[in-house]
Amino acid sequence: MSEFELLKTKLQEISSFSQEELHEIYSHFEIQSFKKNEFLLNSDEVCHYLYFVTKGVLRTFHLNANASEFTRLIVSEGEFCTILISFQEKVASPAFIQALEHGSLLRISNENFQKLISENSKFEKVYLQILERFQNFQIKRIEFLTSYSPQEKVDIFLKEQSELSQRLTDKVIATYLQITPETFSRCKKKSNS
């Protein structure tokens, strides 16, 4: 499936776009490849793009005062990724975007994104859905991180994200679950036994 076929599938889930509208949307996106561990965005830079992952895995993370990593979001094929506050408000990003595998994506600049929204009300629905999904994800994530023990978090993650967990390092998963790598390793052993 080409990069644009995957994007078409995603867009058609949200609204019914004509071929002409789809080609107009595609014309605003650029294809970008990335290497494993490459940074697409560093903290303190402005995030000028909304990314759509076509192959590979990206994560967003920040560092605390002790330089410990906290993974906020992990996205794979068929999902959008950006640092929303930086993208929307054109301010310095509080987080990084890093590739966890070799892969490719489609990216659209803020300027082209705004242009599409103003020209096509259906694309505005795409934006609203991105915002709603992001907000719902954040609410569920806070509940998840504050409601479960480390063992429960590991069990749930390994069950619900079994395919993705095979593609990530234990360290990245631990930073996503906000537990130490040692705790993750111990809980993973219990989970697998």
Side-chain angles (χ1 to χ4, degrees), residues 1-15 17 19-63 69-141 164 167-168 172 175-176:
M1 187 181 286
S2 79
E3 280 90 353
F4 289 104
E5 280 298 309
L6 197 57
L7 179 59
K8 176 184 174 181
T9 301
K10 186 68 162 186
L11 293 174
Q12 297 290 39
E13 286 173 8
I14 299 167
S15 191
F17 290 92
Q19 279 303 119
E20 189 177 297
E21 288 172 319
L22 288 170
H23 286 295
E24 177 63 24
I25 291 168
Y26 300 162
S27 72
H28 290 82
F29 280 85
E30 306 171 298
I31 298 172
Q32 178 182 341
S33 59
F34 50 82
K35 293 184 169 107
K36 184 175 182 174
N37 296 323
E38 181 180 339
F39 286 89
L40 303 178
L41 180 74
N42 290 303
S43 70
D44 294 331
E45 294 175 349
V46 175
C47 185
H48 296 288
Y49 296 98
L50 173 69
Y51 301 105
F52 180 76
V53 180
T54 55
K55 182 175 183 254
V57 180
L58 301 179
R59 75 167 173 151
T60 67
F61 73 97
H62 71 275
L63 300 173
E69 293 179 8
F70 290 90
T71 298
R72 299 170 169 207
L73 178 67
I74 298 170
V75 296
S76 59
E77 293 85 1
E79 297 179 52
F80 288 101
C81 180
T82 192
I83 305 296
L84 206 52
I85 191 167
S86 181
F87 182 73
Q88 284 180 320
E89 298 181 17
K90 299 178 184 168
V91 296
S93 171
F96 299 83
I97 301 177
Q98 181 187 29
L100 299 177
E101 296 178 342
H102 296 296
S104 60
L105 55 80
L106 296 171
R107 70 180 193 179
I108 184 169
S109 68
N110 187 303
E111 183 181 322
N112 282 334
F113 187 77
Q114 297 303 329
K115 185 177 177 203
L116 276 177
I117 289 171
S118 67
E119 293 173 354
N120 188 323
S121 62
K122 290 182 198 171
F123 197 77
E124 192 172 5
K125 277 180 73 175
V126 172
Y127 186 41
L128 287 172
Q129 186 166 96
I130 290 169
L131 291 174
E132 285 172 11
R133 283 187 175 179
F134 182 76
Q135 182 180 12
N136 291 341
F137 170 79
Q138 293 303 325
I139 291 166
K140 288 177 185 172
R141 180 149 167 74
L164 188 59
R167 300 168 69 180
L168 304 174
V172 167
T175 66
Y176 183 70

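All figures in this text were calculated on a predicted structure; none of them were measured in a lab.
- For the atom pair Glu79 CD and Leu6 CG, the distance stands at 10.0 Å (nearest 0.5 Å).
- Pairs of residues two or more places apart, or lying in two chains, that qualify as ring pair (Phe, Tyr, Trp, His ring centres under 6.0 Å) and include a residue from residues 40-60 are Phe52-Phe80.
- Two residues are said to be in side-chain contact when any heavy atoms from C-beta on lie closer than 4.5 Å; Ser15 and Lys125 meet this criterion.
- Considering only residues two or more places apart in sequence or on other chains, Thr71 meets the side chain to side chain donor-acceptor pair (under 3.5 Å) condition with Arg59, Thr175.
- Applying the 6.0 Å contact sphere to CD of Glu20 captures no more than 12 heavy atoms from other residues, nucleotides or ligands.
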key: Trace of the side chain to side chain contact (heavy atoms under 4.5 Å, CB included) decision for Glu21 with Lys122   = CA-CA 9 Å; Glu21 288 172 319; Lys122 290 182 198 171; 2.9 Å; yes
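- The shortest heavy-atom contact between Lys36 and His102 is N-ND1, 3.2 Å.
- When all heavy atoms of Phe34 and Leu40 are compared, the pair lying nearest together is CB-CD2, 4.1 Å.
- Under the 4.5 Å side-chain criterion, counting only non-hydrogen atoms from C-beta, Ile139 is in contact with Gln135.
- Judged by distance alone, the side chains of Ser104 and Thr54 do bring a donor and an acceptor atom under 3.5 Å apart.
- When atom types are taken as modelled, the side chain of His28 and the backbone of Asn112 share no donor-acceptor pair closer than 3.5 angstrom.
- Under the 4.5 Å side-chain criterion, counting only non-hydrogen atoms from C-beta, Leu100 is in contact with Leu168.
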key: Phe70 and Phe61: CA distance, side-chain angles, deciding distance, ring pair (Phe, Tyr, Trp, His ring centres under 6.0 Å) verdict   = CA-CA 5 Å; Phe70 290 90; Phe61 73 97; over 10 Å; no
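- The backbone N or O of Gly56 sits less than 3.5 Å from a side-chain atom of Glu77, completing a donor-acceptor pair.
- Considering CD of Glu69 and CG of Leu63, their distance stands at 6.0 Å, rounded to 0.5 Å.
- Environment of CD in Gln114: crowded, with over 12 heavy atoms of neighbouring residues, nucleotides or ligands closer than 6.0 Å.
- Side-chain atoms of Arg141 come within 3.5 Å of backbone atoms of Arg72 as a donor-acceptor pair (strictly under, hydrogens ignored).
- Note on ring orientation: taking the six-membered ring where Trp is involved, the planes of Phe113 and Tyr127 are perpendicular (angle over 60°, cut-offs 30° and 60°).
- Within 6.0 Å of atom CD1 in Ile85, 12 or fewer heavy atoms from other residues, nucleotides or ligands are found, so the atom counts as exposed in its surroundings.
- At a threshold of 4.5 Å between non-hydrogen side-chain atoms, the residues Ile130 and Leu50 count as touching.
- Taking each heavy atom of Ser76 and Val53 in turn, the nearest pair found is O-CB, 3.5 Å.
- The CG atom of Leu116 sits 9.0 Å away from the OG atom of Ser109 when rounded to the nearest 0.5 Å.
- The shortest side-chain heavy-atom distance between Lys8 and Ile25 does not fall under the 4.5 Å cut-off.
- For the pair Glu38 and Ser33, the tightest heavy-atom approach, listed with the atom from each and the gap, is OE1-O, 4.5 Å.
- No more than 12 heavy atoms of other residues, nucleotides or ligands shown are found within 6.0 angstrom of NZ on Lys55.
- Of all non-hydrogen atoms in Pro94 and Ile83, the two that sit nearest each other are CD-CG2, 3.8 Å.
- Looking at Thr9, its side chain does come within 3.5 Å of a backbone N or O of Glu5 through a donor-acceptor pair.
- When atom types are taken as modelled, the side chain of Thr60 and the backbone of Phe96 share no donor-acceptor pair closer than 3.5 angstrom.
- Between Leu73 and Gln138 there is no side-chain heavy-atom pair separated by less than 4.5 Å.
- Annotation: side chain of Cys47 is not in contact with side chain of Lys90 (no heavy-atom distance under 4.5 Å).
- Partners of Asn42 under the side chain to side chain donor-acceptor pair (under 3.5 Å) rule, at least two apart in sequence or in another chain, are Glu45.
- Under the 3.5 Å distance criterion, the side-chain polar atoms of Glu30 are left unmatched by any main-chain donor or acceptor of Ile108.
- The shortest side-chain heavy-atom distance between Phe87 and Val46 does not fall under the 4.5 Å cut-off.
- Thr82 places no side-chain N or O within 3.5 Å of a backbone atom of Leu84 that could act as its donor or acceptor partner.
- Summarising the geometry of Leu106 relative to Phe29, their closest heavy-atom pair is CB-CD2, 3.7 Å, with the distance given to 0.1 Å.
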message = Val57 vs Val75, test: side chain to side chain contact (heavy atoms under 4.5 Å, CB included). Steps then yes/no.
response = CA-CA 6 Å; Val57 180; Val75 296; over 6 Å; no
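- Between the CG atom in Leu22 and the OG atom in Ser27 there is a gap of 11.0 Å [rounded to 0.5 Å].
- Side-chain atoms of Glu132 do not come within 3.5 Å of backbone N or O of Gln129 as any donor-acceptor pair.
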